[in-house]
There are 2 protein chains.
Amino acid sequence: MESRIERIKKQLHSASYKLTPQREATVRVLLEHEEDHLSAEDVYLLVKEKAPEIGLATVYRTLELLNELKVVDKINFGDGVSRYDLRQEGAAHFHHHLVCIECGAVDEIQEDLLEDVEKVVERDWKFQVKDHRLTFHGICWRCQDKTDTEDAKQDSLEKQHVE
Amino acid sequence: MESRIERIKKQLHSASYKLTPQREATVRVLLEHEEDHLSAEDVYLLVKEKAPEIGLATVYRTLELLNELKVVDKINFGDGVSRYDLRQEGAAHFHHHLVCIECGAVDEIQEDLLEDVEKVVERDWKFQVKDHRLTFHGICWRCQDKTDTEDAKQDSLEKQHVE
DNA sequence: ACGATAATGATTTTATTTTGCAACTTCCTG
DNA sequence: CAGGAAGTTGCAAAATAAAATCATTATCGT
């Protein structure tokens, strides 16, 4: 993790930006919540725990900066807020998401999956693909299990009290 | 087109909503700009031409309603505005988009392309896919042509004035 | 340590979207 | 075809997110 921060620091420097304490604190929060999909406000509140003097504007600026450097990706799941997601180190493409319409959970898929599709797009639409955003909406395995269990429960109830 | 409005009217009725003149005007604007990706404000201004007395809030409410009914999809290309895109009639899935990072043009892909990928997701992640969002970011054929032309121009200039 | 340059935090501003509410429509019922 | 409940509208105000402003402060190479 330290080495990861070091590398981000180098990225900043090579674009002649500085790794200030505020920026470092922000990056640390992102690293500690790699699985989550935090909004700017979320990040702000978490960073504030470590560095209470930080301002919201700085968090916005830092996130925008990290987005420029392709360290994070700015995503939008349809609620009005932008969320920020660390990009896998060295990944050329952004990873995919599974959004559960039951419980709202967001899972990640790191595999590419789109190689063939991109080839088709490049060939048939003459579109030179640089990046992509892919999100599936549906029902996650947890909610499928839950529903199964409830169905089973429901079934047994219906057996007891036939209406 | 009239029949399409008729069908949307039925959809509204079956959810016990009404097709008011304002809603009809809004739907007509959407149909007439099927290729575009209008923001709420865009729609508002266009509807106002036909029905000047309409309020912005009504447009927002209508778009939200049509989104609920899956007549339109609400999309977000990363600028701060939501855009509304008519769904192909009968399409189970939302179509895909090609966003050009040079000129900002947004093209649509109606083909599915994701059948295989969805199978993998359902199998390997036990995720029951209901819908998807796929957007490619890259360079459209128009800008590729443009760049080619400019390169050629540049080449010939360089031949004339070698530095 | 110094000084140019970059970054910060508090606050204000902008832009988009949502909400509250009184007035107005719509459409069903008799 | 009048009456009335339910649904809808337009306006204005409020809520939200994000960006911009600006005086102050920190950073880093020399």
Side-chain angles (χ1 to χ4, degrees), chain A residues 5-6 8-29 37-69 71-84, chain B residues 5-6 8-27 29 37-69 72-84:
Chain A
I5 290 190
E6 272 309 307
I8 292 174
K9 184 172 182 177
K10 272 178 198 141
Q11 273 190 273
L12 281 166
H13 283 160
S14 67
S16 60
Y17 293 117
K18 295 161 188 169
L19 182 64
T20 61
Q22 290 89 337
R23 285 178 184 167
E24 183 171 336
T26 305
V27 170
R28 279 183 192 281
V29 163
H37 300 85
L38 303 173
S39 68
E41 188 84 28
D42 293 338
V43 175
Y44 172 60
L45 293 173
L46 287 165
V47 175
K48 233 174 151 44
E49 290 174 11
K50 307 181 167 192
E53 75 292 351
I54 201 170
L56 177 57
T58 301
V59 172
Y60 270 103
R61 282 182 291 227
T62 302
L63 290 171
E64 192 192 5
L65 185 57
L66 293 173
N67 185 49
E68 256 176 50
L69 297 177
V71 172
V72 303
D73 283 289
K74 195 174 176 178
I75 44 175
N76 203 298
F77 290 125
D79 54 347
V81 259
S82 294
R83 297 175 180 281
Y84 298 84
Chain B
I5 291 190
E6 273 308 307
I8 291 173
K9 185 173 180 176
K10 273 177 198 141
Q11 273 190 273
L12 281 166
H13 283 161
S14 67
S16 59
Y17 294 118
K18 295 162 188 170
L19 183 64
T20 62
Q22 290 90 337
R23 286 179 184 166
E24 184 171 333
T26 305
V27 170
V29 163
H37 299 86
L38 303 174
S39 68
E41 187 85 27
D42 294 337
V43 174
Y44 172 61
L45 292 173
L46 288 165
V47 175
K48 235 176 148 48
E49 289 174 12
K50 308 181 170 194
E53 75 292 351
I54 202 170
L56 178 58
T58 302
V59 172
Y60 270 103
R61 283 182 288 227
T62 302
L63 291 171
E64 192 192 9
L65 185 56
L66 294 173
N67 185 49
E68 255 175 51
L69 297 176
V72 302
D73 283 289
K74 194 175 179 179
I75 44 175
N76 204 298
F77 290 126
D79 54 346
V81 259
S82 293
R83 297 176 179 280
Y84 298 84

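Within every chain, numbering begins at 1; the chains are lettered A, B, ... in the order of the sequence lines, protein sequences first and strands thereafter.
- When rounded to the nearest whole Å, the span between CZ of A:Arg23 and C1' of C:dG9 equals 14 Å.
- Here the P atom of nucleotide C:dT16 and the OH atom of B:Tyr44 are 13 Å apart, to the nearest Å.
- Between A:Glu64 atom CD and C:dA7 atom C1' there is a gap of 14 Å when expressed in whole angstrom units.
- As a whole-Å value, the separation of A:Leu38 CG from D:dA17 P is 14 Å.
- Judged by atom type and distance alone, B:Arg61 does not reach the base of D:dG7 through any side-chain donor-acceptor pair under 3.5 Å.
- Position along DNA chain D of the nearest nucleotide to B:Thr62 versus A:Gln22 favours B:Thr62 as the more 5'-ward residue.
- Applying the 4.0 Å criterion to OP1 and OP2 of D:dT8, one finds that B:Thr20 has every side-chain N and O outside that range.
- In this entry the distance linking OH of B:Tyr60 with C1' of C:dA15 reads 9 Å, nearest Å.
- Residue A:Lys18 contributes atom NZ, which lies 9 Å from atom P of D:dG29 at whole-angstrom precision.
- The separation between A:Asp79 atom CG and C:dT18 atom C1' is 15 Å, rounded to whole Å.
- Of the residues near DNA chain C, A:Tyr17 and B:His13, the one whose nearest nucleotide (by heavy atom distance) lies more toward the 5' end is A:Tyr17.
- Using a 4.0 Å heavy-atom distance criterion, A:Ser16 is classed as making no nucleic acid contact.
- In terms of position along DNA chain C, the nucleotide closest to A:Ala51 lies nearer the 5' end than the nucleotide closest to the other residue of the pair B:Glu41 and A:Ala51.
- Here the side chains of B:Leu69 and B:Ile8 are not in contact, with every heavy-atom distance at 4.5 Å or above.
- In plain terms, the two heavy atoms of A:Val72 and A:Leu63 that are nearest each other are CG2-O, 3.9 Å.
- Counting any heavy atom pair closer than 4.0 Å across all strands shown, A:Ser82 reaches sugar-phosphate atoms only and no base atom.
- The backbone N or O of B:Lys18 lies less than 3.5 Å from a partner atom in the side chain of B:Arg23, making a donor-acceptor pair.
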Full working for salt bridge (Lys or Arg N to Asp or Glu O under 4.0 Å) between A:Lys10 and A:Glu6:
CA-CA 6 Å; A:Lys10 272 178 198 141; A:Glu6 272 309 307; 5.1 Å; no
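- Looking at heavy-atom distances under 4.0 Å, A:Leu56 makes no contact with the nucleic acid at all.
- Which of C:dG9, C:dT16, D:dA19 sits closest to the side chain of B:Val81 comes down to C:dT16.
- Distance B:Leu63 CG to C:dT17 C1': 12 Å, rounded to the nearest Å.
- Judged by distance alone, the side chain of A:Asp42 and the main-chain N or O of A:Ser39 form a donor-acceptor pair under 3.5 Å.
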